[in-house]
Amino acid sequence: MRKDQNLGEYLRTQGVSRRGFLKFCSATASLMALPPSAVAQVAEALASARRPSVIWLSFQECTGCTESLTRSHAPTVESLIFDAISLDYHHTLQVASGEGAEEARHAAMEENDGEYLLVVDGSIPLGNPGYSTIAGISNLDMLKDTAKGAAAVIAVGTCAAFGGIPQAFPNPTGAVSVSDIITDKPIINVSGCPPIPVVITGVLAHFLTFGTIPELDHLGRPTAFFGQTIHDRCYRRPFYERGQFAHTFDDEGARKGWCLYELGCKGPTSYNACATVKWNEGTSFPIGSGHGCLGCSEPGFWDHGSFYKPISAGLWGSKETLLGAAAAGAALGIGSAMAARARKNKAIKESEADSS
Amino acid sequence: MTLLDFARGPALQWSLIILVTGIIWRIVGALLLSSRKDLSVARRKSGLNDGLGAIATRSLPAHTFEKRIRFQHVTGYAWHLALFVTVLFFGPHILFFESLLGFSWPALPNGIVLFSAAVALAILIALLIRRANHPVQKLISNADDYISVILCILPLLTGILAFAHIGGRYETLLAIHLLSIEALFIWFPFGKLMHSAMTFPARFQAGTSFGRKGIKA
Ligand code: SF4
Ligand code: SF4
């Protein structure tokens, strides 16, 4: 896409029909919970949008988020929207390397000062700057430096949004999230491990359309996508309501498609759009293929106990400790009974002495 | 740590430790209480039958004041039954017990459990209101009674809300539900809730002692 082209022109050169584009706009508008009347506005704004400069920083991450977004499926309008941004720096995707790459970052920052979008995936290690560096620059320094001139920061994936897997106990690198460090910029957390591709394009589309960031929940996630739990929209919910649970992954309940709560499904406490948007071009999502939700879009999802432990089960249960407690109780009981007897005997003696 | 993690982890751990220590402490203490030697001649030899008899007769509603206390009897039985059904036969509860005990049992359909939870809650609230207004009950009630009743109401109420997803996010409702049960665990050994461990042994003891005196319990 040429720099002077707007998004509408670019999409036309890619063979996207007006109809296909409008379809995308109305899907995006409905995903973002906008009224149908906003579709025209979305379409107009998107078609005339200039390519925003995007700098993408990858810190302690597995590249799964980038994989999710770029290899989601065959070129769709979503992926073209993604192509249509001016991705000026992304060290996994860009051709340049070493100093050339860093120069590109600095050039983009200078040229678009105050206007570029900063996308971050991966968490930032505070334990030791040497744990993760790019071109000899620590993740912390690079984040602070690049965030300074950004219009907004999008933390893509649970690692960037909440610390994610690198932060899992015992957090060996001292990993923190973007919002733990950057406090003076609007931050949109697009959590998920990985996040759903259309959620990130939805956030971009919102930014391109309105020039603002979408409405966010208390964890900084767009409410349009993270406003409801997986459980709220799960097609297995009627079985949950009736108390019909699969007890194992291959019992009759599992075959009948009953609720996976007993098998550790975290859907009731996980806010994400999987149950409605689904994965792989809307093909399915984990619960659809018989596995419970892991709760990957939630802070600390790795440390809420086993993925297969039901939410209503305790995270603690040590028979030894409880036996110890019983022994301590018995000792206390014996002690207090002895003390009571001693007091009683003393009182008897005293009253006998008084009466004699 | 989230509130739910706290409720499922450390709060559960410490409340259970207090519950178990407290219950055993009080039971052992009570069992070892000394009674002065009874020097009188026994009317007859009393034993198991007298003890069990007393447990049975004192659990049956038929006695002199029946007409006046029928309300308490009926509500008392209904409440305990509804509570047991709710606590022991709700699927997610069984999962909780399984995580502690290592074994499980079949659950009842949610509809039945929800109904019994609602019945238990309604009865308890009615009894609480009655306790606070009835001239005699008011006189014989102390803080222990009110705390014990309220600590039983809270888990029922929060449990129904969590099940129905009313009034907040599920994780918050579930955490509050768990914390309310944990508050009950902590209070349990030290207040009147301990009757659940003491009632039958006490009746048994009364039965054998009456038997010795030749009285039919
Ligand atoms: S499978 Fe999971 S998300 Fe679906 S109803 Fe059951 S507990 Fe809820
Ligand atoms: S279903 Fe749950 S674990 Fe799976 S991607 Fe969605 S939020 Fe994450």
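Here is the naming used below: chain letters follow the sequence lines, and residue numbers restart at 1 for every chain.
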When every non-hydrogen atom of B/D5 is compared with those of A/H304, the smallest separation belongs to OD2-ND1, 2.7 Å
Can you check whether anything in residues 234-242 of chain A gets within less than 4.5 Å of chain B, heavy-atom wise, and list it by number?
A/R237, A/Y240, A/E241, A/R242
Please classify the contact of A/H247 with chain B as side chain, backbone, both or neither, using a heavy-atom distance under 4.5 Å.
neither
At a 4.5 Å cut-off on heavy atoms, which part of A/I311 comes close to chain B: side chain, backbone, both, or neither?
both
Counting only heavy atoms not in [X], do more than 12 sit closer than 6.0 Å to its [atom1] atom?
X: A/R233; atom1: CZ; result: no
X: B/N49; atom1: CG; result: no
X: B/F190; atom1: CZ; result: yes
X: A/F249; atom1: CZ; result: yes

Region of B/T2 in contact with chain A, defined by heavy-atom distances below 4.5 Å:
side chain
Per-residue tally against chain A (heavy atom, under 4.5 Å) across B/N110, B/L114, B/L178 peaks at B/N110
Max heavy-atom pair count under 4.5 Å with chain B, selected residue of [options]:
options: A/D232, A/L322, A/L323; answer: A/L322
options: A/S312, A/A327, A/G335, A/G317; answer: A/S312
options: A/G324, A/A325, A/G329; answer: A/G329

Which residues from [range] are near chain A, with near meaning under 4.5 Å between non-hydrogen atoms?
range: residues 14-31 of chain B; value: B/L16, B/I17, B/V20, B/T21, B/I24, B/W25, B/V28, B/G29
range: residues 92-101 of chain B; value: B/P92, B/L95, B/F96, B/S99, B/L100, B/L101
range: residues 156-172 of chain B; value: B/F163, B/H165, B/R169, B/Y170, B/E171

How long is the span from the CG atom in A/L315 to the CG atom in B/L12, to the nearest 0.5 Å?
8.5 Å
To the nearest 0.5 angstrom, please state how far the CD atom of A/E298 sits from the CG atom of B/L4.
11.0 Å
